[in-house]
Each structure stands twice: as C-alpha cells, then as structure tokens.
Amino acid sequence: MCGIVGYTGARPAAPLLLEGLKRLEYRGYDSAGIALVEDGRIEVHKAPGRIAALERELGQNLPPGHTGIAHTRWATHGAPSTANAHPHTDCGGTLALIHNGIIENAGLLRTALIRRGHVFRSETDTEVLAHLIEEAHAKGGALVGAVAGALQQVEGTYGIAVVSTREPDTIVAARRGSPLLVAIGSGENFIASDASAVLAQTRSVVYLDDGEIAVVRPGDYRIVDLDTAEKEKAVSRVDWDLAKIERGGYAHFMLKEIMEQPESLRNTLRGRVLEEEGTSRLGGLNLSDEQLLQVNRIVFTACGTSWHSALIGEYMMEELARIPSEVEYASEFRYRNPIVDERTLVVGISQSGETADTLAALREAKRRGARTLGIVNVVGSTIAREVDGGIYLHAGPEIGVASTKAFTSQIVALALLTLTMGRVRALSILQGREVARALLRLPELVERILAKAADVERIAERVMRATNVLYLGRGYNFPVALEGALKLKEISYIHAEGYPAAEMKHGPIALIDDLMPVVFLAPRDAVYQKVVSNVEEVKARGGRVVAVVTEGDTGLARLADHQIEVPETLDLLTPVLTVLPLQLLAYYIAVRRGCDVDQPRNLAKSVTVE
Ligand code: AGP
C-alpha cells in the first residue's frame, strides 16, 4: 500500500530517495517523509500530501547524508498528517523507521510501552516498532538483532526499513506480507517496495520472502532470518526498461497504458498460440496433461478489476473446456470454510501479484490441498513466487492506479488457459483453431478502436455532468459492465453501477430518468437481441443510452443517443474490445472533471493490507 525506499552508498542519498519515492507514488500518496543519517544524528522531514509537498518542505538545499530511508503513505491507522507521516523515530531520535503494512497488536504494545515510559508522537500502529527496537537495541548488540527481537513481538504485516545513528551506513529491512527487495549497485545498495524505485540505478535485485531480514551497507548486504541465521538468496534481473515507467509524452499513465494495449496484448500472446494445433503453449503452468485432466473444478479468486476478468474466465472455462468453475472474492474466500481438494485448481488473478486478500486466499487453498495458479503481471511478485504454476501477462508495468491494459491481457491469458484446458478435453481442433486465430487478430482490432478515441471524447463531453451512470451487459459483457462502472467510479468519483442487463427490471430500472446515462454493451453476440429489448425498456422510460455496438450494426442506431462501434470477434473475446471505449469514456470524463486520473483519491495501486 505504502511505498518505501532506502539508500546507502557514497552518493548524497536525498536526491536518490526522492526520485525513487516519486516512482512509488502510485502505491500511496497522502503524506511522505525522509530520514538521513549524518554526523551521528538523524534528520527527519515529513509533509502531508504528495511528494511534491515534501520537496517544497525540503527546499533547494537537500539535507546531507549518504544513508537514508523515505516513505510515501496510504493511511491505515491515523489520518494523513505530518505527525502520522513516516519515518517514525524512537524517544531519543537515534533510530528512524518506515513501514508498509499493519501491526495488528499495536494497541496492546503501545499501552505497554507507554507504561514503560515511552513517549508517542503519532497515532500510527507503526510507531510501536520504533520503540520496541529502541528497547531491544538499548540492551546492546547489533541493530539487526534489535530489529529481529522487536519483530518477534508483533502480529500483522510489514515491510520495514530502519536506520540508526549507532550504525550510520547500515539499513536493516524486513518483510512479512508486504513486498520488499534489495537492489544491488556497485559500492552502493538500495531497498525498495518494488523495482520501479531503483530501475534507473540497477537491475540486480534480491526479492525478500516472509520472515527475512536484510542488512544493507554500501559495499555489501546479507540476508538472515528472524533468528539472524544467514540465508542464501538468488539475485534476479529486472528486464523492464526505464521508458516503460515514464509517461512517454502522454498526459497520464492511464492514457498511455490504454494506448499501449495493442503492444501489451501482443506481448501476452507472443509464443503462446499454436494456431495449427488449435491450442496454446503455457510454459509456466507446471502441469502435465495428466494433471490438467485431473482437475475437476476451477475456483478463480481475485479483487477489483482482476475479479471482473475472473468472471470472464469462468464463462470461458465452462463454455469451451466444460470444467465446473466459480469465482470468489478473495477477501471472502480466505475467511469462509471453502471446499477445495487436490482436484481443485485455484487460480489467483492479480496485476500486482501483491494484493493481500488474493495472496491469502491462495495460501488458504494451498493449505487445503488445492493446486494453485497465478495469472500475474509483476514479475517476481509474491503471488508469482508462491503459486504452483502461473501465467505472466508481460503487459509491462502498469503505473496508473486504474487498471486497464492488465485487464485486457488477463482476458487473453484466461483464453489461452482455456485453450490448454479445453484441448486436453472436449474442445475440437477446429474450435481451438478458431479461438487461436481470433486471439491473434485482437491487437489490430484494438488499434482500430483506439484510433477512434476522439469519438468517445465527444460522448464524454455529454455525459460528464451525470451524478449516476448505469452500465448494462449480458453474458461475456456483464463483467465488462461491472468493469466500466468501476473505472468511472474510481477516477471520476461519479456513482456508477454495472448489472446484468436483464437484472435491471428487478430494481435498477426505478432509477432510470433522462438524467441517468445508461451504457449498454451490445455487440452482435449470442444474446444481442435480448440486449436490444433491454435498450427498448430504458428508452421507454426516457433514459439516455450510450451503446457499444459491432461495426456496421444499425439495429440500435434508432434507439441509442450515442453509439461507439467495435470490430467483430468471437463472443468470448468481445470483452477485450468492448471495454476499451469504457476505459476511454471514464478517462475523458475524469480529465474534464479535473480529477487526478493517475492517483485517484483514497486509492492505491496494490492493496497489500486487508
Ligand atoms: C482497478 O482499477 C483497481 N486498481 C483495483 O480494483 C485492482 O484491480 C485491485 O486492487 C486488484 O489489484 P491486483 O490485480 O493488483 O490484485
């Protein structure tokens, strides 16, 4: 949720930390802070709001220091304020700490620490860690030992980094539940929540696992466990290029990522479609054909936009692979007593690969003997490392908080998985070939839609003053209605709801009036005629209709107030095309309403707390 970064080396730390923090701002942006160790003291600066506010507070002459840590926050405990911003220090100001996660037993620990004379300056759960480490460090020994001792008293999740005046060039970082990596430079090292913070400096990283602590100094680093026993860890290489995490001339990352979809889809498809065999090749599944055949039930689990793509995966799996499938909200699945066994395949879908609920749901499924798969975009993320097998989207970094290109790549990855599962069952080679060919045509069809973005912009002008919007679709496009509503809600703050079109008659139709735009997904698919009747019902009540239709379809021209055309494709793949106008509509409306499209209020890119 929050973004943390640390540096120790020969260069001035402040500019490197601020640059890293800006790249992490999509993780949380309600307050920020920095701590630098120099001349036996720690200088801390914090400010509410964006990192730009911290930069203003720091001024031109950045504080000195070659070792430091910095944090950008998404508040969980204690409202966004200077006092609650990180870093937090101990009573004597001899150590400073930043944290991403939630300390669940902070209340108890705080009471005990206050009784033992500690003075708290914030309302955060995090500050207890600073005082616990202070107590442990006062007993002597190295900082790493003090951190390990303190962590053994806390319940909850953390990605932390600590600096101390007693070891001025050392950063001690630890993880449980929140992502953290060590980035290795020459004569200097970094720690960070994810690689985007350090990509400009190095591509060599070590991903920490739960229960691991890193001791990082300019010339070396070591990884130990909570008993400070040494651990061997592999060094990975991050292959994203820097341009990928720049806006590249677009006004917003969201628009850039929408426009990147032809390329991101090509990357998701590359080397995975076996057209002649009518199937797909998914090297990372780690499942033999026998094991694929063993699967007698699929449970998809995810959150937010990823949950919407899971619904499409369920429809595909049942229609083409004939495998009983269901979709579970990860946050519900993890606390229910779910029925899964060794013949159940639990598929977790997550762009970031770090969403706490999805990670926990997969761990729960694994604990109950199910086989787990991850459909993930971020390479090396926790979900990717913990599942039995998986599919990387290769969609490239998604910086905009509102997920766009990851959604369309998730649908394509699910279609590829369906081909593999179907072709070892009843799916014929001809059916498989038809799907394979349609998949390979998608990127150019997407280009055709994005080339007409200006048409959507004109419709946005007409819809932007609405206070409520309804999205309706059937079959494969019901989840697209949900996704369209989510996009509009999360970046323009207009209340919107997605519904199966037929469900409208059972309640939402009461909302229809001439102020309420209704967006229909109406491609010429198997349920097209049913959707036309629903459009009639809305028009009969004076509703304003925006319809997404198949190119050349005039069936709705007389009914819809605005039409957006998309090319024809197979029913199961129409969501990849019909969602694009909805992404653009939400984007243009949000821009016109002056909203911060890339960093909408109250949201963050990956939800690493539950
Ligand atoms: C979507 O635009 C949102 N950012 C959010 O709903 C997101 O899809 C959800 O938090 C799941 O994230 P994940 O795919 O990284 O797990």
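Indexing begins at 1, ligand by ligand and atom by atom, following the structure's order.
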Is a side-chain donor-acceptor pair under 3.5 Å present for Gln410 with Gln351?
no
What residues come within 4.0 Å of ligand 1, counting heavy atoms only?
Cys303, Gly304, Thr305, Ser306, Ser350, Gln351, Ser352, Thr355, Val401, Ala402, Ser403, Lys487, Glu490, Val607
By side-chain contact (heavy atoms from CB on, under 4.5 Å), which residues pair with Arg592, not counting sequence neighbours?
Glu457, Glu461, Met464, Tyr588
Partners of Thr420 by side-chain contact (heavy atoms from CB on, under 4.5 Å), sequence neighbours excluded?
Thr279, Ser280, Leu282, Leu285, Leu292
Can you check whether Ser331's main-chain N or O pairs, donor with acceptor, with Asp357's side chain at less than 3.5 Å?
no
Angle class for the His252/Tyr587 ring planes (parallel below 30°, perpendicular above 60°, tilted otherwise)?
perpendicular
Using the ring-ring contact (aromatic ring centres under 6.0 Å, His included) rule, collect all pairs that involve residues 353-388, keeping only residues at least two apart or in two chains.
none
